[in-house]
Amino acid sequence: MRKSLTLLATGIAAALALTGCGGSSAPSAESSQALDPAKPVTLTVGASPVPQAKILEFLNQDLAPKAGLKLDIKEIEDYQTPNTALSDGSLDANYYQHLPWFEDQVKTKGYDFGHGAGVHIEPYAAFSEKVKNISEIKDGAKIAITNDPSNQVRALRVLEKAGLVKDIKDDTSVIALTDAQNPKKLKFSENQPELLINDLKDPSVDLALINGNFILKAGLSTTDALAVESTENNPYANFLAWRSESKDDARIKKLDELLHSAEVKAFIQKEWPNGDVTVAF
């Protein structure tokens, strides 16, 4: 089962709490028992459409049913809804976030969540419709960048590797860049991560830094990017997350196990051979 769920952050909790969402605030009695392929139990999972939902769809075809699990996949476009819905019980788990984002959400929103090990990495990348090489970015160029702090520093490090900015720290933000850090006097335009694809087409934008899942959704590829994040020792692997109270839920344990299976590894490598999605285990 795969359903589309595109909601704005405002009013999300009430909308997702409807019984049609299929989630629950606590694991059901059956979820703590051994899974039975003859009587598969449903797990409601929120995920970004690509690649997360696509990977879950792969599991839903064969591996999950054989393990006694039926995934009810909710596609979610933005980055706030999945954790809001997980917190209020509308989702049993979500699959869309990396550790820096997870830790920031837990700290700032007070979520009581747990998570599994990394499954895959989607490299951040810089694209332009105005220049063909990163060296052509001129002084004072306009750079479209995410307004999400955990991913903004990630994007800045892509620029640093490309030689456009310097001395980027873990807490660096575009509004606090010094002249020494920004010697080319680049002008930054912050926007929500899901809207940066639109910014790429803005004639006033010279370069846009885009998160991997939105790169894929737009039909782009990192092979066409002007600069790409390295996946070596990369801390931004996406993983499965759940409420702490659900840590012993047999359904969640099984899904996390399946996400780290040899079959999923082979699927990712076959589906994205150019490295747009890279296995993290």
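Keep in mind that what you see is a predicted model, and the values were worked out from it rather than measured. FYI, the numbering just counts along the sequence from 1.
Salt-bridge check for Asp92 with Lys74: failed, with every basic side-chain N at 4.0 Å or more from each acidic carboxylate O. A salt bridge does not link Asp139 to Lys185: none of the charged side-chain nitrogens sits closer than 4.0 Å to a carboxylate oxygen.
No hydrogens or angles considered: nothing links the side chains of His98 and Asn234 as a donor-acceptor pair under 3.5 Å. Of the N and O atoms on the side chains of Asp88 and Ser90, at least one donor lies less than 3.5 Å from an acceptor on the other residue. A donor atom on one side chain and an acceptor atom on the other are found under 3.5 Å apart for Lys109 and Gln80. Judged purely by distance below 3.5 Å, without hydrogens or angles, the side chains of Gln181 and Asp167 never pair a donor atom with an acceptor atom. There is a side-chain donor-acceptor pair under 3.5 Å between Asp78 and Thr81. Side-chain contact, Gln152 with Glu190: a donor N or O sits under 3.5 Å from an acceptor N or O. Between the side chains of Ser189 and Asp199, no donor N or O sits under 3.5 Å from an acceptor N or O. One side chain, Asn83 or Gln97, offers a donor N or O that lies under 3.5 Å from an acceptor on the other.
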Exercise. Given Asp62 and Lys66, is the salt bridge (Lys or Arg N to Asp or Glu O under 4.0 Å) satisfied, shown in steps?
Worked result: CA-CA 6 Å; Asp62 185 53; Lys66 284 183 177 178; 3.3 Å; yes

For this session: Would you check, one step at a time, whether the test salt bridge (Lys or Arg N to Asp or Glu O under 4.0 Å) holds for Glu194 with Lys217?
Result: CA-CA 10 Å; Glu194 63 270 23; Lys217 189 173 185 297; over 6 Å; no

For this session: Go through the steps for Lys169 and Asp171 under the test salt bridge (Lys or Arg N to Asp or Glu O under 4.0 Å), then give the verdict.
Result: CA-CA 5 Å; Lys169 309 297 185 185; Asp171 60 350; over 6 Å; no

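Listed here is the closest heavy atom pair of Val158 and Val228: CG1-N, 4.5 Å. In terms of heavy-atom proximity, Ala162 sits nearest to Ala227 at CB-CB, 4.3 Å.
Note: Leu240 CG to Asp256 CG = 5.5 Å, rounded to the nearest 0.5 Å. Atom OG of Ser128 and atom CG of Asp224 lie 12.5 Å apart (nearest 0.5 Å).
Its side chain within the 4.5 Å cluster rule, Ile210 clusters with Tyr79, Tyr96, Trp101, Phe127, Leu196, Ile197, Leu200, Phe214, Ile215, Leu220 among the Ile, Leu, Val, Met, Phe, Trp and Tyr residues.
Note: His120 and Tyr95 meet the aromatic proximity criterion, with ring centroids under 6.0 Å apart. In this structure, Tyr124 has its ring center no closer than 6.0 Å to that of Tyr236.
Within the cation-pi definition used here (under 6.0 Å to the ring centroid, within 45° of the axis), Arg243 does not qualify as a partner of Phe113.
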